[in-house]
S.K.: 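Shown below is the structure under consideration.
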Amino acid sequence: MADTKREIERKYEGPAAGGGAGLPDLTAVPGVGSVVGRGVDELDATYYDTADQLLAASSITLRRRTGGADAGWHLKLPVAEGVRDEIHAPLADSVPAALSSLVRSRVRDAALVPVVRLRSSRDVRHLLDADGALLAEVSVDRVRAERLSGGKGTAQWTEIEVELADDGDPAFLDKVEKKLRKAGLHRSASPSKLARALTETGAGVRRPSGGRPAARPPVTAGDHVLAYVREQRDALVELDPAVRRDQPDAVHQMRVATRRLRNTLRSFDNVLDRKVTDPVRSELKWLAGELAGDRDQEVITKRLTSALDDLPGSLRSGPVRNRLRTWSRARHSGSRQRLTEALDGRRHLYLLGALDALVSDPPLHKAAAGKPKKVLAEAIRKDLDNLGKLVDRAVSLPPGRDRDIALHEARKKAKRTRYAAEAAVPALGKPAEATAKAMKSLTKLLGDHQDSVMAREALRDLAEKAQAAGESSFTYGVLYAREERRAAADEDALRGAWRKAGRKAAF
């Protein structure tokens, strides 16, 4: 098992970092009641990365450390400046699978090998408030670094690290920093010990082969499309650990990135050759399907729970809430397992590799070299025309399954148009922004209708299970009828919503 801790810390260097005696009197920091020495720990850490430092290039560290109170394997994922999630696993001879899976989207098939060994003497002090509660831990680290691969250099330095206590107020670190600065200390130029060790024992953090060069400002239509594709590719890679850890909204965000990629490749087929992009789109559709189970389950459960909360007590019959909770948990567990297996599979690695190839060697049409305002606007107008035809067809059908399917197709086209407009915003400005906003509003209405369709399917399933268990199905019928009325209202509002969106769309 792996445990996660949110780590908020700052590193300092300067004359006062030469030893514990050089630290200022931290009892003078506002809020500090006492400073308690915790002794010196001898730490021995071996850091792992790929041969071309794929993890370090993304500010991710993976280490095996002995000594101290938290010996074991540690994976640190960046969250924000000075904030990382530290995921801990017990000591083992090789990288634990629970950690290696979290960096799979970064390293792909590359081996994780020892790159640097850091041995540190850590002199620890606890900053306590007047009641003896921990505010922060301050350590003076004397570090000896040895390069294990990619060089043979060594280095030594001393730094001060201030780590906020769990659930502490980050503003407290500002108070400590003010005192340290007065003592001649300043923030470390390196974000981590590993980054400094790589710099001082070799050539520093290397850009991986096939890595991302500094992007030049987009000029052509192709530049703008590829910049958007690259942004979404990066989102898929970066969201992978969060999805595996079941972080809030991670599945939804990955699914959105997948859709944006897939729709962008289709909308801008005047820029990118479909003979190359269609197979990639097919794989993106597969991934979106794998993500859909978990996300759809979240949406349905939230919708039904809210509907049940709004229902008067006189209309609630039987253990409806408990059955909904049990039903949701069972489906969530199954979908989580399927999704993890998909992310661990070869097919997902192939997709990431195909996206890398697409941005590094794009299959550009002649129009890709054209002016963005002409080429991108043409693609968006085409999407808008097709969307109008789908809306007209949907509202002409009688209520029922065929109309539900047609409305869902219109929703997907509205999303495609929205994403195409978003991709064009840097080139086209306000007209693209207005179109994206209009399509977002239309998509919301169509999305509510589709959620109602899915909710009714879930209610039928729940009612059948309740009846089989000898429970009343009355409440499920009440909720079903309410969903029918809500869907009908959405359908009635569609023509007006489409006219309004069409007026706001600037193409």
Side-chain angles (χ1 to χ4, degrees), residues 232 249 251-269 281-282 284-304 379-424 432 434-458 483-505 507:
Q232 303 312 315
D249 206 38
V251 170
H252 173 57
Q253 292 302 322
M254 181 179 275
R255 191 179 181 190
V256 169
T258 303
R259 284 173 170 168
R260 282 175 169 154
L261 274 168
R262 184 165 174 255
N263 288 317
T264 298
L265 296 179
R266 181 63 181 88
S267 290
F268 297 111
D269 57 3
R281 290 185 66 248
S282 177
L284 287 166
K285 182 179 181 180
W286 161 77
L287 178 58
E290 297 297 324
L291 292 162
D294 214 42
R295 174 56 181 171
D296 288 348
Q297 186 61 40
E298 291 176 8
V299 171
I300 295 170
T301 301
K302 183 177 179 180
R303 187 181 182 100
L304 295 182
I380 296 171
R381 280 194 295 269
K382 181 180 177 181
D383 276 348
L384 283 168
D385 289 343
N386 290 334
L387 174 57
K389 295 174 184 177
L390 287 173
V391 171
D392 289 341
R393 177 178 180 273
V395 297
S396 70
L397 293 171
R401 179 171 173 75
D402 288 345
R403 177 184 273 193
D404 290 343
I405 293 173
L407 288 171
H408 187 43
E409 290 302 312
R411 178 197 183 199
K412 290 190 287 186
K413 177 61 74 173
K415 282 188 176 183
R416 177 186 297 176
T417 308
R418 173 190 169 187
Y419 298 147
E422 286 179 351
T435 302
K437 186 176 180 180
M439 292 302 104
K440 183 178 180 180
S441 178
L442 183 64
T443 300
K444 184 177 180 181
L445 175 66
L446 291 167
D448 185 71
H449 183 275
Q450 178 61 17
D451 289 346
S452 179
V453 172
M454 295 170 62
R456 280 176 276 159
E457 291 177 357
E483 287 291 351
E484 277 190 321
R485 290 197 298 271
R486 187 168 175 176
D490 289 337
E491 292 172 18
D492 291 341
L494 180 57
R495 280 194 183 276
W498 169 236
R499 285 195 297 269
K500 184 177 180 180
R503 288 195 301 270
K504 289 185 176 181
F507 293 94

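In what follows, every heavy atom counts, from backbone to side chain, and hydrogens, waters and symmetry copies are set aside. All of these numbers come straight from a predicted model, not from anything done at the bench.
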S.K.: How far apart are the C-alpha atoms of Leu387 and Met439, what are their side-chain angles, what is the distance that settles it, and do they pass the side chain to side chain contact (heavy atoms under 4.5 Å, CB included) test?
M.R.: CA-CA 10 Å; Leu387 174 57; Met439 292 302 104; 3.5 Å; yes
S.K.: Run the numbers on Asn386 and Lys382 for side chain to side chain contact (heavy atoms under 4.5 Å, CB included), then give the verdict.
M.R.: CA-CA 6 Å; Asn386 290 334; Lys382 181 180 177 181; 4.1 Å; yes
S.K.: Under a 4.0 Å N-O cut-off, is there an ion pair linking Glu422 with Arg418?
M.R.: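 Yes, Glu422 and Arg418 are salt-bridged.
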S.K.: Taking side chain as C-beta onward, heavy atoms only, is Arg262 less than 4.5 Å from Leu265?
M.R.: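 SC-SC contact between Arg262 and Leu265 ruled out.
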S.K.: What closest approach, in Å, do Ile380 and Ala421 show between heavy atoms, and which atom pair accounts for it?
M.R.: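 Smallest heavy-atom distance, with atoms named: CD1-CA, 3.9 Å.
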S.K.: Hey, what do you get for CD (Gln232) to CZ (Arg259), rounding to the nearest 0.5 Å?
M.R.: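 It is 13.0 Å, given to the nearest 0.5 Å.
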S.K.: Decide, yes or no, whether a salt bridge links Arg486 with Asp451 under the criterion of side-chain N to carboxylate O below 4.0 Å.
M.R.: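 Here Arg486 does not pair with Asp451 in a salt bridge, since their nearest N and O are not under 4.0 Å apart.
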S.K.: Looking at Arg403, I want to see if its CZ is surrounded by more than 12 non-hydrogen atoms of other residues, nucleotides or ligands under 6.0 Å.
M.R.: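 Result for CZ/Arg403: enclosed.
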S.K.: Decide yes or no for Arg495 and Arg499: does some side-chain heavy atom of the first lie under 4.5 Å from some side-chain heavy atom of the second?
M.R.: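 The answer is yes; the side chains approach within 4.5 Å.
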S.K.: Please tell me if the side chains of Glu491 and Asp404 come closer than 4.5 Å, counting only heavy atoms from C-beta onward.
M.R.: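 A side-chain contact under 4.5 Å exists here.
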S.K.: When rounded to the nearest 0.5 angstrom, what is the spacing between OG1 in Thr258 and CG in Asn263?
M.R.: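 Atom-to-atom, Thr258:OG1 and Asn263:CG are 10.5 Å apart.
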S.K.: How long is the span from the CZ atom in Arg255 to the CG atom in Leu284, to the nearest 0.5 Å?
M.R.: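 It comes to 13.5 Å.
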S.K.: Tell me, with the steps shown, if Asp448 and Arg411 meet salt bridge (charged side-chain N to carboxylate O under 4.0 Å, His left out).
M.R.: CA-CA 10 Å; Asp448 185 71; Arg411 178 197 183 199; over 6 Å; no
S.K.: Where do Ser452 and Arg303 land on the side chain to side chain contact (heavy atoms under 4.5 Å, CB included) test, with the steps shown first?
M.R.: CA-CA 9 Å; Ser452 179; Arg303 187 181 182 100; 3.6 Å; yes
S.K.: Go through Met254 and Val251 one step at a time and tell me if the side chain to side chain contact (heavy atoms under 4.5 Å, CB included) criterion holds.
M.R.: CA-CA 5 Å; Met254 181 179 275; Val251 170; 6.0 Å; no
S.K.: Indicate yes or no: at least one non-hydrogen side-chain atom of His252 is less than 4.5 angstrom from one of Asp249.
M.R.: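 Yes. Closest side-chain heavy atoms under 4.5 Å.
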S.K.: From Leu291 CG over to Trp286 CH2, what is the distance, rounded to the nearest 0.5 angstrom?
M.R.: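 Reported to 0.5 Å precision, the distance equals 8.5 Å.
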S.K.: Nearest 0.5 Å, what's the CG-CH2 distance between Leu446 and Trp498?
M.R.: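 Taking CG in Leu446 and CH2 in Trp498, the distance rounds to 10.0 Å.
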S.K.: State, with a plain yes or no, whether a side-chain heavy atom of Leu494 is found less than 4.5 Å away from one of Leu407.
M.R.: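 Of all side-chain heavy-atom pairs linking Leu407 with Leu494, at least one is under 4.5 Å.
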S.K.: Calculate, to the nearest 0.5 Å, the distance between atoms CD and CG belonging to Glu483 and Leu304 respectively.
M.R.: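 Nearest 0.5 Å value for the CD-CG distance: 7.0 Å.
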S.K.: Would you say that Val256 contacts Arg260 through its side chain, given a criterion of any heavy-atom pair below 4.5 Å between the two side chains?
M.R.: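 Side-chain contact under 4.5 Å: yes.
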S.K.: Of the non-hydrogen atoms in Ala420 and Phe268, which two are nearest, and what is the gap between them?
M.R.: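 Closest approach of Ala420 to Phe268, heavy atoms only: O-CZ, 3.6 Å.
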S.K.: State whether the side chain of Arg393 and the backbone N or O of Lys389 hold a donor-acceptor pair below 3.5 Å, judged by distance alone.
M.R.: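 It does not hold such a pair.
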